[in-house]
Amino acid sequence: MALTPEAPSDAAAVNDKLPEQNRDGGIVQDWAGDDQDWWDWYVTLAANDAAPVELVDGPGLPDVEAASDEQLAAELAEPYPLTAEAVEHFARDAFVKLPGVLSPAVVRRLAERLEQLLVDEHGADVSGRFTALEQMWLHDDLMRTVALSPRLGGLAAGLLGEDGVRIYHDNALSKESGCGRTPWHHDAEHFPLDTVQAVTAWMPMSAIPGRMGPLSFARGRDVRDDLADLEFDKVGTSYDTAVAERLAQRGVAVESSPFAVGEVSFHSALCFHTAGPNGTTQPRRALATTYYADGAHVIAQPTLISGTWREFLPGVEPGGLAASDLNPVVGTAS
Ligand SMILES: O=C(O)CCC(=O)C(=O)O
């Protein structure tokens, strides 16, 4: 992505979801809002069809009894058998989708807790929005079990080929009924880290059929090089559109498939990804936890695309070692 340190050329363009303090200048500035403000702004950067999305029924939650806290903790402590094929897939394509990382009973338990946390924070009147929570692990025992899970951390370390990975943050990502697309992007521009050895585990809280907006991935570690000259647009949808056009021109394959219950994707910071609109009556919910290689530093000039990064790395200044008290090592390759 090409950075624009000076003001965008169309000075008249305004995005009213950008905090006022962020409207002037380019992207090399601190985000002035909170994490939810960031998401409310971010989804405005996606191009959507003009026609309204007709909502169909969603798949519902897994039709099983929810796991107990003990069952959930035991499952998430157990290593997942990572195959050489999966590691190769991740190394080549910059993402991999793994089946059965979570059992249906664990998904159900987490989905029920997440519903409660989201309603507590955002209320019930959220139709059409993208609502988020972050750093849940600091105040919720169940979410802490997920964020610090040896199973998930071990998968992150194994896929990255790192001896140790630290947690950057956890997230809840709730694309409510009728919410539009997530813009094309890659996370190396989201995490203010001097490494691309970072990965996000995206854990759906139900099955996610195509109509519900599953995460979709452009195949290949080198895709970023093909897109590096495109200029980020903090006001409108031109970057999202330009990425889509370039991917089509270059014939880059995009993996856009439903998620089964318990399937979890891992996408590298290099992976360009997007998600479709949620055309169902059910919120499309996922937990997303990000990990990065131990030893990484914060870059010299974080941008507003990194949102509330100081909350995830408290006390760490640009250039500093990314290892605050909120970034324990949670996964090892062994
Ligand atoms: O859930 C979404 O629609 C987007 C999530 C995403 O981009 C990510 O987890 O990196």
Side-chain angles (χ1 to χ4, degrees), residues 1 35-36 38-48 53 58 90 93-97 101 111 114 118 126 128-136 146-147 152 155-156 159-160 167-193 196 198-218 223-224 232 239-240 243-244 254-259 263-280 282-292 305-309 312:
M1 177 194 61
D35 193 61
Q36 184 56 49
W38 189 93
W39 278 104
D40 285 335
W41 162 71
Y42 199 58
V43 290
T44 67
L45 306 185
N48 283 288
V53 178
F90 182 81
D93 290 344
F95 76 94
V96 67
K97 291 173 77 172
V101 175
L114 184 55
L118 283 163
V126 287
R129 286 179 64 197
F130 192 114
T131 54
L133 296 173
E134 73 291 333
Q135 300 296 71
M136 295 169 287
V146 177
L152 297 163
L155 279 168
L159 290 168
L160 291 173
I167 182 171
Y168 179 54
H169 61 24
D170 69 2
N171 258 321
L173 306 171
S174 185
K175 185 172 274 201
E176 309 294 343
S177 292
C179 179
R181 292 182 47 251
T182 306
W184 275 108
H185 65 281
H186 74 303
D187 295 339
E189 69 194 7
H190 286 220
F191 312 142
L193 300 172
V196 291
V199 63
T200 298
W202 197 79
M203 297 166 265
M205 292 291 97
S206 68
I208 303 196
R211 262 311 263 276
M212 205 176 179
L215 212 54
S216 301
F217 312 93
V223 169
R224 187 168 84 135
F232 185 79
Y239 181 70
D240 176 54
V243 171
V254 175
E255 161 90 24
S256 187
S257 54
F259 280 69
E263 188 172 20
V264 172
S265 62
F266 288 80
H267 61 269
S268 147
L270 293 171
C271 178
F272 267 79
H273 53 285
T274 181
N278 181 4
T280 76
Q282 180 181 334
R284 187 233 61 186
R285 290 190 174 141
L287 296 178
T289 309
T290 295
Y291 311 87
Y292 60 90
I305 309 175
S306 289
T308 56
W309 68 271
F312 313 137

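Every number for a ligand or one of its atoms is a count from 1 in the order of the listing.
For atom 1 (O) of ligand 1, the closest non-hydrogen atom on the protein side is R284 NH2, 2.8 Å. Of the protein's non-hydrogen atoms, the one nearest atom 6 (C) of ligand 1 is H273 NE2, 3.7 Å. Among all protein heavy atoms, the one lying closest to atom 3 (O) of ligand 1 is T182 OG1, 2.7 Å. Nearest protein neighbour of atom 5 (C) of ligand 1, counting heavy atoms only, is L173 CD1, 3.6 Å.
Considering only heavy atoms from C-beta on, H186 stays 4.5 Å or farther from V223 through its side chain. When side chains are defined from C-beta on, Y168 does not count as touching D187, because their heavy atoms never get closer than 4.5 Å.
Atoms of ligand 1 found under 4.0 Å from any heavy atom of A275, numbered from 1 in the order shown, are 3 (O). The ligand atoms of ligand 1 that sit less than 4.0 angstrom from a heavy atom of L215 are 2 (C), 4 (C), 5 (C). Per-residue contacts place W202 under 4.0 angstrom from the following atoms of ligand 1 (heavy atoms of the residue considered): 1 (O), 5 (C), 9 (O).
For R211, there are no salt bridge (Lys or Arg N to Asp or Glu O under 4.0 Å) partners two or more places apart in sequence or in a different chain. Shown here are the side-chain contact (heavy atoms from CB on, under 4.5 Å) partners of T308, two or more places apart in sequence or in another chain: W31, D35, E311, F312.
Residues E176 and S174 bring a donor and an acceptor atom of their side chains to less than 3.5 Å of each other.
Here Y42 and H190 bring their ring centres to under 6.0 angstrom of each other.
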Exercise. Would R129 and Q36 satisfy side-chain contact (heavy atoms from CB on, under 4.5 Å), going step by step from the backbone distance to the final call?
Worked result: CA-CA 10 Å; R129 286 179 64 197; Q36 184 56 49; 3.4 Å; yes
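Of the N or O atoms in K175, none lie within a sub-3.5 Å distance of an N or O in ligand 1.
Neither the backbone nor the side chain of H190 has a heavy atom within less than 4.0 Å of ligand 1. The side chain of D187, and not its backbone, has at least one atom closer than 4.0 Å to an atom of ligand 1 (non-hydrogen atoms only; side chain from C-beta on).
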